[in-house]
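Below is the structure I would like to discuss, written out as structure tokens.
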Amino acid sequence: CFYALLAGLFGAAISKIEDMAEGMKTYNFIMIIGAYSGIGLSMAQIMGNGAATVSYVLSFIPICAPFVVPMQLLAGKISISFALAGLVVLIGFTVFLARFVGKVYQVMLLHQGNTLKFRDIISLGRKETHK
């Protein structure tokens, strides 16, 4: 759900189908960071580097947690209670992101024109919408 909402947020910046690649560039970059953090952590642990602190930190970062927590839990590197704490943080950020994306789409219903930049999306999400 977190990544689907994130895709929706960056998809809101697209006004024409021709701009899709440009609008989804940041989303793809964020997904790559999350996936490669999990791969890098598992490679470090296979090579014998403890990386326990890194594992704990990445478990609480929402872009990394969906990739890191299941792998670390199955490998027995983190406890179930720690994985649940990471899940609670991820759910909290997902709820925040759902509200933020909802605001952006509400404002976007009234917006017409050029493709929005990432900075424009953030400013739209911060605006108070009036009924």
Side-chain angles (χ1 to χ4, degrees):
C1 287
F2 181 78
Y3 276 104
L5 288 168
L6 204 57
L9 178 65
F10 291 112
I14 301 169
S15 61
K16 294 180 275 185
I17 196 73
E18 295 85 24
D19 298 331
M20 187 177 296
E22 183 68 30
M24 298 306 282
K25 201 181 292 185
T26 308
Y27 171 73
N28 290 333
F29 184 69
I30 289 172
M31 278 198 67
I32 289 170
I33 288 172
Y36 280 144
S37 65
I39 292 170
L41 179 63
S42 62
M43 287 175 57
Q45 289 177 342
I46 288 172
M47 291 181 172
N49 300 341
T53 306
V54 176
S55 170
Y56 293 141
V57 170
L58 291 179
S59 297
F60 285 106
I61 299 175
I63 33 179
C64 302
F67 299 101
V68 172
V69 172
M71 175 198 59
Q72 295 297 310
L73 191 59
L74 290 173
K77 301 292 182 182
I78 59 174
S79 66
I80 291 177
S81 60
F82 198 82
L84 289 175
L87 181 64
V88 167
V89 171
L90 180 62
I91 289 171
F93 271 93
T94 303
V95 168
F96 166 75
L97 192 59
R99 295 183 70 163
F100 185 72
V101 171
K103 281 183 180 180
V104 169
Y105 269 97
Q106 187 176 10
V107 172
M108 287 302 296
L109 288 174
L110 305 173
H111 177 76
Q112 295 176 345
N114 297 335
T115 304
L116 295 175
K117 304 292 183 220
F118 181 69
R119 197 174 338 165
D120 298 331
I121 293 173
I122 297 298
S123 66
L124 285 175
R126 288 183 181 166
K127 283 184 182 178
E128 290 288 326
T129 56
H130 301 288
K131 293 184 179 182

- Message: Just verifying a value: how many Å separate L6 CG and M31 CE, rounded to the nearest 0.5 Å?
- Response: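 Output value for this atom pair is 9.0 Å.
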- Hey, what do you get for CE (M43) to OH (Y36), rounding to the nearest 0.5 Å?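 Interatomic distance, M43 CE to Y36 OH, rounded to 0.5 Å: 10.5 Å.
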- Determine, using ring centers only, whether F100 and F93 are less than 6.0 Å apart.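 They do not qualify: ring centres at least 6.0 Å apart.
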- L41 vs V68 side-chain heavy atoms within contact, under 4.5 Å: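 Yes, side chains in contact.
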- Consider only side-chain heavy atoms of I, L, V, M, F, W and Y, link residues closer than 4.5 Å, and tell whether I32 and M24 are in one cluster.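 No; M24 is not reachable from I32 via cluster members.
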- Query: Rounded to the nearest 0.5 Å, how far does OH of Y3 lie from CG of L9?
  - Reply: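 That separation rounds to 13.5 Å.
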- Can you check whether I91 reaches F2 side chain to side chain, under 4.5 Å on heavy atoms?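 No - every pair of side-chain heavy atoms lies 4.5 Å or more apart.
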- Task: Taking the six-membered ring for Trp and the single ring otherwise, decide whether the centroids of F82 and F60 are under 6.0 Å apart.
- Result: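 Yes.
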- Taking atom CG of L73 and atom OG of S55, what is their separation to the nearest 0.5 Å?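 Here the rounded value is 10.0 Å.
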- Message: Is there a path of hydrophobic side-chain contacts, each under 4.5 Å between heavy atoms of I/L/V/M/F/W/Y residues, joining I63 to F96?
- Response: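 The answer is no; the residues belong to distinct hydrophobic clusters.
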- How far apart are the closest heavy atoms of P66 and L90, and which atoms are they?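 P66 and L90 have their closest heavy atoms at CG-CD2, 4.1 Å.
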- Please round to the nearest 0.5 Å and tell me the distance separating atom CD1 of I78 and atom OG of S59.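 With rounding to 0.5 Å, CD1 (I78) is 4.0 Å from OG (S59).
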- Between M71 and S42, which heavy-atom pair has the shortest distance, and what is it?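 Smallest heavy-atom distance, with atoms named: SD-CB, 3.2 Å.
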- Query: How long is the gap from CD on Q72 to CG on L58, to the nearest 0.5 Å?
  - Reply: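 Interatomic distance, Q72 CD to L58 CG, rounded to 0.5 Å: 8.5 Å.
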